[in-house]
Amino acid sequence: MARGKTAGAKVLAPGLNYIGGEWLPDEDGLVLESRNPADIREPIGSFPNSRLNEVRAAVHAAKQAFKTWRLVPPPQRGALIRRCAQVLRDRKEAMARLMTREMGKPLSEARGDVQEAIDCAEYYAGEGRRWFGETTHSELPDKFAMSVRTPIGVCGMITPWNFPVAIPSWKIFPALLCGNTVVLKPAEDTPACGAAFVKALADAGIPAGVVNLVQGIGEEAGAALVNHPDVALISFTGSSYTGSAIAEACGKSLKRCSLEMGGKNAQIVMDDADLDLALEGALWGAFGTAGQRCTATSRLLLHKKIHKTFVAKLVKAAKALRVGDPLDERNQVGPLVNQAQLDRVSVYMDVARKDGATLRCGGKRATGPGLAHGYFFQPTIFDGVTPEMRIAQEEIFGPVTSVIEIGSLDEAIAVLNGTKYGLSSSIYTRDVNGAFRAIRDIEAGITYVNGPTIGAEVHLPFGGVKNTGNGHREAGRSALDIFSEWKSVYVDYSGKLQKAQIDVQA
Ligand code: ADP
């Protein structure tokens, strides 16, 4: 779905790749065009449509830069990352406005996206003085033992459009802190945001070649990065379909790979919950970023005792949400990112009706003054959904939520767990015993109690179980395990050959 905005032929002042410290055009003069999804008449810019040659050049630059960057002491790497935080802070408003224009999330959410990158930089800057390993005793006398983290090499980062600054930051800052160099291939729907982010890092003083930017489409530039033999690691966020293809390619060459993919997140509302609070959470979780978050609340599991009242209130509140130009701060729901995404969400309306769900509000493209040239879709609620229906199982990535009635906490948890994904989850209840059972039994990487399914903070692990990921966690200290290797070191100062497990037996 990522190529919906890229087909235009008009060449504007072109954006550039950033390779080895230089801003360079595409070798063949090919361009990708980016347009405002709230009004597709407005061009944002044109960018290189890079292929193998540009990727090769970027990987080469990163490989050269790795020779020196890996030797920079981690506290100094951290200090440079702190400078990145400052530059991002200085440019926060401009970057947020660009983001809103390029991918359509409301301005307040775009500011949050840039803030997340600032937080992330601050966090990993601090980690520069905490890049700890372990020291321990050998089982043999006069022998010292320790473990240290070491960098991996050139890391290829492949990122989506829905968090076009925050997600690259989650990957790039911990990778840099660990002494790696980077080639970023941002989503083809948000090349301007990718460029603005890399420019901030370059202007903050990240040395030439340490971070490189290659714009282009997934099947060309992305695949070239995945398949390049000098790329030691791929860190990917995007669809399960693409993630699976990347994992397969990485598996063949035994390349390290961390994947962050889809979700089908549910919010449980029990009969003892604070219903007004749960309602606010549901609205924010389901319709924030027009539902285009991997942690969006795409299922609402409502206890049968509160089901009817809750749905009535939710429908009223959803109908009252203001859909429109995301730069206008009175609007709460912006457009979908591109035509392909609009088509995809529209198809699910028919799927839901055929499966027997009841449409309670929305269900079609939003129309009205100022909406004609954008990909706007009405906030949509389906009721009477059963757990096995396609809209309750498949990731839609739009302002659509499905209500499923449940009779008990056990049933709610079973339904919540009954998809192939396991990213985020939420329960609203005042019963502390029930909340702790949910924390224990829900199969997801993230569980919120009395909060919506969205709201991750950068110092905690982020990621999911089952088909959402492949066992890694981004953010927090856990990201350091993606971007570094452990080395165990033994120093024998006995002056003689000592044999572990043979000289000494417990
Ligand atoms: P979405 O559907 O959310 O756009 P994708 O998984 O298609 O998600 O895209 C996420 C990122 O993966 C984008 O940067 C895209 O260009 C890239 N991508 C898509 N296909 C491939 C591929 N075959 N190889 C490498 N990267 C890809």
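Everything numeric here is computed off the predicted structure, so don't read it as measured data. We're numbering straight along the sequence, starting at 1. One-based numbering, in listed order, for ligands and for the atoms of each.
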Taking a cutoff of less than 4.0 Å between a non-hydrogen atom of the residue and any ligand atom, is Ala223 in contact with ligand 1? yes
If you take all heavy atoms of Leu80 and Gly205, which pair is closest and at what distance? CD2-O, 3.5 Å
Over-ring placement of Arg473 relative to Trp170, 6.0 Å and 45° cut-offs: no
Asn331 side chain to Val333 main-chain N or O, any donor-acceptor pair under 3.5 Å? no
Ile246, Asn338, Val226, Ile158: member with heavy atom nearest to atom 17 (C) of ligand 1: Ile158
Lys185 neighbourhood, listing ligand 1 atoms whose heavy-atom distance to it stays under 4.0 Å: 13 (C), 14 (O), 15 (C), 16 (O)
Test: Lys105 cationic atom under 6.0 Å from Phe163 six-membered ring centre, within 45° of axis: yes
In ligand 1, which numbered atoms sit nearer than 4.0 Å to a non-hydrogen atom of Thr242? 5 (P), 6 (O), 7 (O), 18 (N), 19 (C), 20 (N), 21 (C), 22 (C), 27 (C)
Centres of the Trp23 and Phe47 rings: under 6.0 Å? no
So is Phe236 close enough to ligand 1, meaning a heavy atom under 4.0 angstrom away? yes
Contact atoms of ligand 1, heavy-atom distance to Glu188 under 4.0 Å: 13 (C), 14 (O), 15 (C), 16 (O)
Logged contact type for Tyr241 with ligand 1, heavy-atom cut-off 4.0 Å, is neither
Would one find an N or O of Ser239, backbone or side chain, under 3.5 Å from an N or O of ligand 1? yes
For the pair Tyr123 and His459, name the ring-plane relationship: parallel under 30°, tilted 30 to 60°, perpendicular over 60°. tilted
